[in-house]
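Just so it is clear, the values below take in all heavy atoms, side chains as well, and ignore hydrogens, waters and symmetry mates.
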Amino acid sequence: MAREKIRIKKIDNLTARQVTFSKRRRGIIKKANELSILCDADVALIIFSATGKLFEFSSSSMRDILGRYNLHASNINKMMGPPSPYHQLENCNLSRLSKEVEDKTKQLRQMRGGDLEGLNLEELQRLEKSLESGLSRVSEKKGECVMSQISSLEKRGSELVDENRRLREQLVTLEMAKTMALKEAVETESATTNVSSYDSGAPIEDDFSDTSLKLGLPSWE
């Protein structure tokens, strides 16, 4: 049975849209990496999410690949004559996008501790403040997670204490029932022994009297 073809349209549900974006983004980056390895090709991939977040992949230097692309586009434009207003706008957007990618990539490297040589004191202080703000948010999130784990452990400990108390109560009840059953068994056995002793005593006395009469012994009555 053939699979139903998925209709390509905008996903209205925000959560489903974000999940689909994440899955498809990882898939296309994986395919781009495979293409660069299998075919020895230079591949550059730039993705902006609906919220403006940048995702990128490049098989080599993103700057070099974009430079080659700009050179190639420039040569094509020279061969085709003066660019139309549409192409001028496209080239402007491409230049802006390239500059934004370059700036974001540089900022990321700086936040990782690289490319700090050209920064002045003010820029270093601004970067330090940004890192401190990020670390503060991470610490707050970490504290929330720790408190949540502590609360969960305390709840579990309270449940274990209650369970232990219930087990102790059940054990005491079982011990009391066992003691009562043992006491009843002892009392029953004692009563049975007394009755047996009483029933077996009378015939012995009668036999002794008959024997005394037969032997001519004086009676004790």
Counting heavy atoms not belonging to [X], are there more than 12 under 6.0 Å from its [atom1]?
X: Asn164; atom1: CG; value: yes
X: Arg165; atom1: CZ; value: yes
X: Arg63; atom1: CZ; value: no
X: Glu122; atom1: CD; value: no

[atom1]-[atom2] distance between [X] and [Y], expressed to the nearest 0.5 angstrom:
X: Leu182; Y: Glu187; atom1: CG; atom2: CD; result: 10.0 Å
X: Arg126; Y: Lys129; atom1: CZ; atom2: NZ; result: 10.5 Å
X: Cys145; Y: Met147; atom1: SG; atom2: CE; result: 12.0 Å
X: Arg168; Y: Glu175; atom1: CZ; atom2: CD; result: 12.5 Å
X: Arg25; Y: Leu45; atom1: CZ; atom2: CG; result: 10.0 Å
X: Leu131; Y: Ser136; atom1: CG; atom2: OG; result: 12.5 Å

*Side-chain heavy atoms under 4.5 angstrom apart, residues restricted to Ile, Leu, Val, Met, Phe, Trp, Tyr: same cluster for Ile46 and Phe57?*
no
*Under a single-linkage definition using a 4.5 Å side-chain heavy-atom cutoff for Ile, Leu, Val, Met, Phe, Trp and Tyr, are Ile29 and Leu54 assigned to the same hydrophobic cluster?*
no
_CA sep, side-chain torsions, deciding dist, call: Ser22, Arg26, side-chain hydrogen bond (donor to acceptor under 3.5 Å, both in side chains)_ = CA-CA 6 Å; Ser22 180; Arg26 289 195 297 266; 2.7 Å; yes
Of the non-hydrogen atoms in [X] and [Y], which two are nearest, and what is the gap between them?
X: Ile65; Y: Val43; value: CD1-O, 3.6 Å
X: Phe48; Y: Leu97; value: CE1-CD1, 2.8 Å
X: Glu56; Y: Thr105; value: OE2-OG1, 2.8 Å
X: Asp42; Y: Ser59; value: CA-OG, 3.3 Å
X: Arg17; Y: Asp12; value: NH2-O, 3.2 Å
X: Ile28; Y: Ile47; value: CG2-CD1, 3.9 Å

*Answer yes if the side chains of Ser152 and Arg156 hold a donor-acceptor pair under 3.5 Å, and no otherwise.*
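Arg156 and Ser152 do not have a side-chain donor-acceptor pair below 3.5 Å.
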*Sequence neighbours excluded - ring pair (Phe, Tyr, Trp, His ring centres under 6.0 Å) pairs with any residue from residues 156-190*: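 Applying ring pair (Phe, Tyr, Trp, His ring centres under 6.0 Å) to every pair that reaches into residues 156-190, excluding sequence neighbours, yields nothing.
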_Assess whether a salt bridge exists between Arg166 and Glu163, defined as any Lys/Arg side-chain N lying under 4.0 Å from an Asp/Glu carboxylate O._
yes
